[in-house]
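In the text below, chain A, chain B and the rest are named by the order of the sequence lines, each starting its count at 1.
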Amino acid sequence: MRLRKTTACHFKRKRGKSLGSDYFGAMPLYVLPEGTDAGAQIPAHLSQVPIPLITTTMDCFNKSVKGKVISQDPLVSVAADDFMLKTVIQEDPAPGASSQYMSISVVVLGALAKEFSETVNQGDVLVASGFTVEESSAAQDRTLHPCHLLLSGNDACLYVCRQLPPSDPKSPSANMKKTTRSTEVVRRPNVTKYTYVKLDELKDQTVVSLYGVVVFFKQPFKSRGTDFCSSLKITDQSNLKIVCTIFCDKLENHPKIFQIGDIIRLHRVKAQLFNSSMTLLNTHGFSVVTFDGAVGGPVEPRASSLHFHFDKEDRRIVKELRSWAATQTLRPPLPTIPLSAVQPRTYFDLTCQLLSKAVIDSTCTLLRVWDGTRCSRPLLRVIVERSSVEGPSSFSRQKENLIANVLVYDNHVMVARELKPGDFLRIYNLRAIPGASKVPGLTSNQLEDQDHLAFHLHGGTAYGRGIRVLTFEKFQEQEESVDDTEMLEMWCTPPETLGEDTVDSMTVMSCSHSAQPTTLSQVKRSGPGGTHHVRVQLKSYQPRRLYQALKLYCSKCKSIVEVPDDELVADLFSESCTDTSSCSLPPWVLYGQLEPGNPNCTVNIHMSAELTARGTPTELLFISGATLKDMCLLAEDYPNIVPVRSSEGRLALFDLSAPFLIRGRKKFFGCKRCSEATVQEPSEEVEVIDEKVIAEALGVQLLQFVLLMKLELQDATDTLDVFLWRDAELFFGLSAEDSAVNQEAQRYIEQTMALLCPPEGSKGGRPWLNLCLTAYSGEDENGHPQTCYQVLHSKVNRTFSTQTEQDPA
DNA sequence: GCTTAGGGTTTG
């Protein structure tokens, strides 16, 4: 078994260091040797839960779930260096057992998802731990569990047990027995070394693999047969231009081509002579990967299949083709132009955001879009019935001036049906048409708009005509090339708030900086030392469970430590209960015993002579021989309980793994590093006895409860991990100390996070947040400098009501 | 299992 550091070790190493963004980073995936029994290799503290018994209310601590990988979706890149992957695992049914809910979806997030995609094959046996259980929104059948496992963050852990191939895949007898599907199941990495041919080496009826530069492409369109069809033309250093046709029933398996100049790698395509020209057609086992064509840009494969071969040699070929292509005139001078640069009667590609849409008739759909720029010509208004509009049916006058009405026809109507308001689109071969052209169902008052521009996407796929929904990264890439701050602002502003007097936000800032709002990509470029105001959405946050966000902070040595577990504390106290050795008492102590509730224990009470002299003997009690439960019961009646024990014949405090003080429901802890604890009574001068006074008297460096969360923020330009820590109490409007003991407060924080980051697919979407960020120099886990970010001076627009609070400790 | 399309001189 490949051993990795555990998250606990990871944490320990970080103690006392400034907060780096790796704080929640390490997520292990263990690969067990082939053929081993997964069960024998899994840590013994994990107890396996059968898949049908999984519920959202189960305690996931030290639990594991085991199953065979029966399907895997491709790795989804949700942001730079952040990934998501969905897989389904299935448990072998016990003989005679019902087959209900024998399989469950597993959603893996972050770096673990990437590692998973590179490591795990269908058929492997998986053991997952450190997961949470969520209700699944996916359509369910009787075999698939209505919940899914979420593996995210620190505790997520996967053990992979490889299945040995049933036999030599190359042997003819094995091939006879196997279906196409099972060859995929046992596909091993690194078995095939591909050789790539140049376009002038193609021979009729041969199956080859090759690289090329895209010089023409159509978005996949529905063929008359069963598949979608992608049609493209590619070239390479041989300067031949070859038409390539790809049939595939799944859209996601089609080449992800965004623009002319993209690099494409094709595996297992067949060369065919057609009309005396060589053409290429996909054949069995076909796969495709594409890359951006920009010289010097990152070589990031855009693949749909989970298993694809990619190595240094591929990287070299991509770079070589890019350099070659740069010397050719392949790229159109303007790949896409903004609305502000559109000329009447021209065809162009438009990158835009869909605001609303309306079906006009069976052959025509209206898309209302904008790209943040103002068209130099007035835009045609198209009036449609309110009831047929999906999305807002009207916008303010100011917004209307920015909105282009795009009429899409025929085959594009089907594509338009799938679009959702808010989607970012690229519309290829869009035509700008002046005047009130005939639009089905339009009223005569449209004639007023004779000079106004309308936009048509004609039927058919000629000239690459089509619509593509842009992924976040693609949009971001487009964004980076825009050097117009006004447009940046537009892009970054949610449509529903632009131009309105009140800019809604779930948060308000209380800082005095006059910083102008900026984008996350600008924040990233600025480096450490600055303060920034951003308008963002909360994409995700860690940890998901509030108790994991509660930490203890030492203001002296600046370290952050975990809150000791109640069970461990209880064990410590219980252990000392059995210790009956006597000890000498300090001269200031008055001693008494309590009626033993438990015959094995003697609860000893020690009081301060000073306080007794003042007439308040029970204001501070030093208690030994009591369990945690007893201590807590005493704390209900006495304001300050200090747990003590006998150590080497003397009265002593516990090791600081235990609370040094219990006040009501609150437990207070001391810093192990900064405390020199001894049993002492408070000095004479003090009037009010509180945790600070007691800590000082005992030589304990008091630890402060803090909330520590990592938020992943997003806007249209980028994503950014920031910490919520120093001002977390301000952010939520309640104290971390209270939230440690108050269930209402805990629920309030969890509800607030759910409001800021509603689950996928919920109504209303993610709210926008105005936040003040500070950038500072921190360290990563290797002690290398790294810029970290914190949310400061920002408060959620919500109030925690303490009315329901019964016991304010 | 086979087919689909085979770029294109757009035009509501």
Pairs flagged by salt bridge (Lys or Arg N to Asp or Glu O under 4.0 Å) wherever residues 209-221 of chain A is involved - sequence neighbours left out: none
Under 4.0 Å between a side-chain N/O of A:R465 and OP1 or OP2 of B:dT10, yes or no? no
First of A:G460 and A:G225 reached from the 5' end of DNA chain B, by closest nucleotide: A:G225
Establish whether the base of B:dG12 is bridged to the side chain of A:H458 by a donor-acceptor pair shorter than 3.5 Å. yes
Among residues 196-206 of chain A, which residues get a heavy atom nearer than 4.0 Å to DNA chain B? none
Side-chain donor-acceptor contact under 3.5 Å, A:R368 with A:S356: no
Once salt bridge (Lys or Arg N to Asp or Glu O under 4.0 Å) is applied, do any residues pair with A:D314, and if so which ones, sequence neighbours excluded? A:R265
Nucleotide nearest A:Q272 (side chain, heavy atoms from C-beta), chosen from B:dT10, B:dT4, B:dG6: B:dG6
What integer distance in Å separates A:F228:CZ from B:dT3:C1'? 15 Å
Do we count A:F216 as stacking onto B:dG7 if the rule is ring centres under 5.5 Å and planes under 30°? yes
A:Y409 ring over B:dG12 six-membered base ring, under 5.5 Å and 30°: yes
Sequence neighbours left out, what passes ring-ring contact (aromatic ring centres under 6.0 Å, His included) with A:F274? Give chain and number order. none
Look at the side chain of A:K218 against the base of B:dG7 and say whether a donor-acceptor pair falls under 3.5 Å; ignore hydrogens and angles. no
Protein-nucleotide distance (A:L281, atom CG; B:dG7, atom P), rounded to Å: 13 Å
Parallel, tilted or perpendicular, as decided by the 30° and 60° cut-offs, for the rings of A:H145 and A:Y101: tilted
Within this structure, what is the CZ-to-P distance between A:F217 and B:dG8, rounded to whole angstrom? 15 Å
Whole-Å distance, A:L430 CG to B:dG12 C1', equals 14 Å
Could you state the CD1-P distance from A:I260 to B:dG7, rounded to the nearest angstrom? 16 Å
Got a sec, which pairs hit ring-ring contact (aromatic ring centres under 6.0 Å, His included) with one end in residues 204-244 of chain A, sequence neighbours left out? A:Y196-A:Y211, A:F217-A:Y428
When you compare the side chains of A:N275 and A:S277, does any donor N or O come within less than 3.5 Å of an acceptor on the partner? no
Could you pull out all donor-acceptor pairs under 3.5 Å where a side-chain atom in residues 197-206 of chain A meets a protein atom, sequence neighbours excluded?
from, atom 1, to, atom 2, distance (Å)
A:E201, OE1, A:K198, N, 2.8
A:D204, OD1, A:L273, N, 3.0
A:T206, OG1, A:K203, O, 2.6

So if I take every side-chain heavy atom of A:N429 and compare against B:dG12, B:dT10, B:dT4, which nucleotide ends up nearest? B:dT10
Within this structure, what is the CZ-to-C1' distance between A:F247 and B:dG7, rounded to whole angstrom? 13 Å
Between A:D410 and A:T461, which is nearer to the 5' end of DNA chain B once each is assigned its nearest nucleotide? A:T461
d(NZ, A:K233; P, B:dA5) in whole Å: 19 Å
Nearest to the side chain of A:D227, heavy atoms from C-beta on, is which of B:dG8, B:dA5, B:dT3? B:dT3
Please state how far atom NZ in A:K222 lies from atom P in B:dT3, giving the value in whole angstrom units. 16 Å
So what does A:Y347 touch, heavy atoms closer than 4.0 Å: a base, only the sugar-phosphate, or nothing? base
